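Following: one structure in structure tokens, then a few remarks.
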Amino acid sequence: MTGPAGTEPAEPAQGPAAGEPDQLELPGMPAPRRRPAPGAQAVTAADDLPVARVVVEVPVLRLDHTYDYLVPVSMADGVTAGVRVKVRFGAQDVDGYVLERLATSEHEGTLRPLRRLVSTEPVLPNASARLCRVVAEHYAGSMSDVVRLAVPPRHARTEDEPLAEAAVTTGEQPHNGSRSPMAPDGPAPGASAPHGSAPTDAGPWSGLAGGEAFLRHAASGAAVRGVWTALPGRWTAGGSVLADDGWEDMVARAVRVVRDSGRGVLVVLPDARDVDRLSRALDAAGLRDATASGRTLPDDVGRAHGYVRLLADDGPAQRYRAFLAALRGHARVVIGTRAAAFAPVAELGLAVVWEDDDPLHAEQRAPYPHVREVLALRSEAEGCALLVAGLGRSVEAQALVRSGWAHEIGAARAVVRERAPRVRALTRVEVAREGPAAVARIPSAAWRIAREGLAQGPVLVQVPRAGYVPVTACGTCREPADCPDCHGPLGLASGSSTPQCRWCGRLAAAWSCPRCHGSTLRSVLVGSERTAEELGRAFTNVPVRISGARSAGGVLATVSGASALVVATPGAEPVAAGGYAAALLLDAGVATAGTQLRTRQDAVRRWLTAASLVRPATAGGVVAVVGDGDEVVTGALVRWDPAGLADRELDERVELGLPPAVRVGALTGPRQAVMAVLAETTLPPGATVLGPVPVTPADGGAPVLGGELGDVRAIVRAPRGEGRLLAASLRAGVAGRGARRGAGTVRLHMDVADLV
DNA sequence: AGCACGCCGACT
DNA sequence: GTCGGCGTGCTC
């Protein structure tokens with residue numbers, strides 16, 4: 001089956017000019033408008049199930065449905081559900097996937113034959129096809145677009161690589177297996193082991209409210225859903241780390257438990273560094289990385305405990321190899337980045353998304369699916385358990401908890417206090433006590449924390465990313481300025497003194513601050529970065545390590561436990577052996593400034609990520625939040641209460657009618673086209689339209705949100721209960737005629753993260 | 001008549 | 001998206 005799979009053409013090479021048989025014309029009748037199907041009579045169809053139902057890869061919403069083709073005898077055996085084919089579509093050759101074989105077609109016209117069977121590998125098995133369909137409907141997109149995200153590009157050489165036997169001769173064994181606290185301690189259950197027979201050793205999960213029950217249910221095949229807020233690992237002052245309760249060890253344990261029950265597991269993480277971190281924990285838990293070979297040992301241990309890493313970063317060959325290993329069932333555990341959310345995992349028992357609030361989990365290609373949503377849909381479609389996890393708590397996850405769809409899993413307050421570092425907020429109020437000396441951006445208290453920390457080990461300094469964050473705020477009290485009508489952020493075009501809402505477009509000529517009644521607005525533009533240099537100069541006898549995507553040394557994964565200043569941008573914080581003695585989170589005002597819905601959540605997530613690398617308060621760990629940050633966010637960190645922040649944020653979203661309390665769809669395109677779509681769309685009850693507003697700033701700046709110059713954007717929102725209807729109606733509207741007549745295409749983006 | 005262009009509709 | 005059909009309008 002890995003041979004020269006079906007490469008023979010379905011018909012002799014031909015084009016319109018190659019003398020194909022013309023359809024007979026009736027005298028006196030107008031010539032048929034449609035070109036005759038080329039070669040329709042030139043092939044013999046398969047005897048058994050001669051019809052293939054195909055989803056074609058065309059990017060047009062209006063054409064997004066299945067099409068029936070004839071299966072030529074020559075492909076009778078190879079064409080099965082999920083295989084890639086080439087078909088004639090209109091006047092062009094396109095790629096497609098066979099969904100099923102049928103005895104007859106409901107199509108009235110004549111069927112054209114499949115042109116080519118690309119490969120017999122069923123890369124879009126039924127479960128994947130169903131998932132793609134569901135995701136497409138949820139996001140009002142085309143199945144074809146989703147399939148393109150779900151199935152990696154084919155790599156023919158990889159497909160032809162020899163199978164498992166070769167792995168025996170390489171003689172690789174699971175590394176670290178023997179010294180793992182969770183090494184296999186008996187005959188490992190193979191893929192066919194009876195479900196639910198394995199004992200559940202929940203390990204550190206038993207210390208969490210709801211933790212053990214979640215794992216037990218997941219292992220028994222129940223579709224339980226949990227939202228878990230993780231705590232920092234148990235760093236110790238001596239520089240050693242207890243190896244079994246960092247988040248990666250916890251996830252590895254969950255993987256192992258569900259895997260031992262005979263089911264597959266899928267874990268999706270934001271980036272390659274997190275995948276690496278989990279990889280190491282899986283290795284320690286007695287699982288084996290089978291990515292490089294794409295195979296596992298052909299014995300029970302290998303088959304039961306192999307996992308593959310599925311990352312676009314790894315390149316096309318490696319990615320396809322890992323995909324095939326999962327597809328063929330050689331590995332039943334898949335870990336990877338966002339596209340892995342679609343990975344074919346047989347008998348999926350548990351899907352995990354780590355740090356579900358990380359923006360990297362949001363796909364940037366249409367129809368912009370989010371990993372958390374894909375896995376949630378998967379949980380419903382495949383009946384698998386779902387774990388939404390992170391150091392923080394997304395508003396969306398909180399909504400799942402509040403609605404009762406998911407259970408909360410978390411540690412008791414006492415445990416939180418025992419694990420978290422002490423967090424001090426050095427805000428304007430704090431700093432003011434220092435009097436005139438507080439002019440410096442780094443107050444003396446922060447210098448002291450850094451100095452004392454350096455005596456005990458490495459000190460992390462988190463600096464907001466370089467660049468500018470445009471904020472409009474009250475000129476008097478600095479409260480961010482809201483639209484009086486819809487609470488969107490007010491923008492201020494340069495040269496103009498009339499603020500305009502960036503959501504609904506209304507002019508707020510007579511704006512006054514609801515807090516202090518000031519009437520002036522200021523644009524706040526803050527840069528940062530030189531702070532790190534200042535620090536370096538201040539501690540001349542201490543090594544300074546810099547970690548950041550744009551820094552010379554790139555992103556560091558780890559640093560030693562030796563005293564050093566480690567300056568990092570958010571997301572690039574190295575893990576320190578034994579944990580950091582202290583951390584300074586600088587420019588808190590910049591970190592929490594922003595006009596987007598997720599600004600607060602982003603800030604607290606970045607801070608939690610850094611702070612979780614610091615030793616607990618009981619071991620002297622201290623975190624200083626330096627600067628004039630949002631009090632709510634700062635308070636959430638000080639109390640180490642991300643769930644509380646999310647809960648409060650959700651209250652606010654409910655009150656203001658913002659996602660995830662409502663569902664929204666953004667329509668972007670030329671004004672005429674957007675208006676035409678809106679006019680032709682029958683909106684669900686309770687739906688409202690914001691805008692349209694130009695996506696190009698009035699001051700001639702670069703277009704935002706990926707729009708073309710002159711494009712506008714309208715936001716349509718509807719109560720969550722009408723979400724499906726909203727998606728369906730917008731989809732119909734965009735697919736309809738209006739979009740085309742209005743000269744220009746309208747793009748639809750459901751559940752946009754930022755309404756600006 | 002013959003050709004360039006643009007609009008429209010079809011695509012199994 | 002991409003193509004072909006057919007109408008329009010222009011030119012020789």
Side-chain angles (χ1 to χ4, degrees), chain A residues 10-11 14-26 29-46 49-73 75-76 79 81 83-118 124 129 133 136 141-149 365-367 668-670 672-673 676-677 680 708 731-732 734-748:
Chain A
E11 51 189 312
Q14 60 181 285
E20 59 194 54
D22 271 347
Q23 187 167 329
L24 290 173
E25 293 172 25
L26 295 174
M29 297 291 280
R33 287 175 70 90
R34 200 155 71 66
R35 226 163 53 90
Q41 305 91 327
V43 294
T44 321
L49 303 173
V51 175
R53 182 148 290 168
V54 175
V55 54
V56 290
E57 280 218 346
V58 284
V60 184
L61 206 51
R62 180 158 24 92
L63 302 179
D64 186 54
H65 49 95
T66 59
Y67 295 83
D68 292 345
Y69 286 83
L70 280 182
V71 180
V73 194
M75 303 182 202
V79 173
V83 298
R84 259 187 247 261
V85 289
K86 285 235 185 277
V87 296
R88 197 81 190 151
F89 189 73
Q92 46 180 330
D93 277 333
V94 299
D95 292 316
Y97 297 85
V98 173
L99 297 178
E100 54 183 330
R101 289 272 299 259
L102 302 163
T104 58
S105 170
E106 276 153 35
H107 182 62
E108 313 262 307
T110 45
L111 302 185
R112 293 164 108 180
L114 299 173
R115 275 219 139 187
R116 195 163 86 86
L117 174 58
V118 175
L124 189 73
R133 168 60 67 208
S142 72
M143 174 154 176
S144 142
D145 278 347
V146 180
V147 167
R148 213 166 359 192
L149 299 173
R365 289 177 290 168
T668 313
Q672 264 189 313
V677 169
E680 285 185 25
E708 297 291 318
R731 188 183 196 277
V734 172
R737 308 263 121 167
R740 232 184 140 186
R741 285 203 210 276
T745 327
V746 173
R747 295 177 302 282
L748 171 58

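It should be emphasised that the depicted structure is a prediction, and the values quoted were computed from it without experimental measurement. Computed from heavy atoms alone, side chains included, the values below leave out hydrogens, waters and symmetry copies. Letters A, B, ... mirror the listed sequences (proteins, then strands); counts begin at 1.
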If I take atom [atom1] in residue [X] and atom [atom2] in nucleotide [N], what distance separates them, rounded to the nearest angstrom?
X	N	atom1	atom2	answer
A:Glu100	B:dT12	CD	P	19 Å
A:Arg148	C:dG1	CZ	P	11 Å
A:Leu70	B:dT12	CG	C1'	9 Å
A:Tyr67	B:dA10	OH	P	12 Å
A:Arg115	B:dT12	CZ	P	12 Å
A:Arg62	B:dG9	CZ	C1'	9 Å
A:Glu57	B:dC11	CD	C1'	16 Å
A:Asp93	C:dG1	CG	P	18 Å

Using side chain to side chain donor-acceptor pair (under 3.5 Å) as the criterion, point out the one residue from A:Lys86, A:Arg116, A:Arg115 that pairs with A:Asp93.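 That would be A:Arg115.
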Which nucleotide in the list [options] gets nearest to the side chain of [X]?
X	options	result
A:His107	C:dG1, C:dG4, B:dT12	B:dT12
A:Leu63	C:dT2, B:dT12, B:dC11	B:dC11
A:Asp68	C:dG4, B:dT12, C:dG1	B:dT12

(message) Could you check whether any side-chain heavy atom of A:Tyr67 comes within less than 4.5 Å of a side-chain heavy atom of A:His107, counting everything from C-beta outward?
(response) no
| Is the backbone N or O of A:Gly141 less than 3.5 Å from a side-chain atom of A:Arg731, with the two atoms forming a donor-acceptor pair by type? |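 Such a contact is found between A:Arg731 side chain and A:Gly141 backbone.
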Looking at every strand, decide which applies to A:Phe89 at a 4.0 Å heavy-atom threshold: base, sugar-phosphate, or nothing.
base
Just call it for A:Val58: base, sugar-phosphate, or nothing, with non-hydrogen atoms closer than 4.0 Å on any strand.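 The residue A:Val58 makes no contact with any strand.
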message = Within this structure, what is the CG-CG distance for the pair A:Leu111 and A:Leu70, rounded to the nearest 0.5 Å?
response =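 Output value for this atom pair is 4.5 Å.
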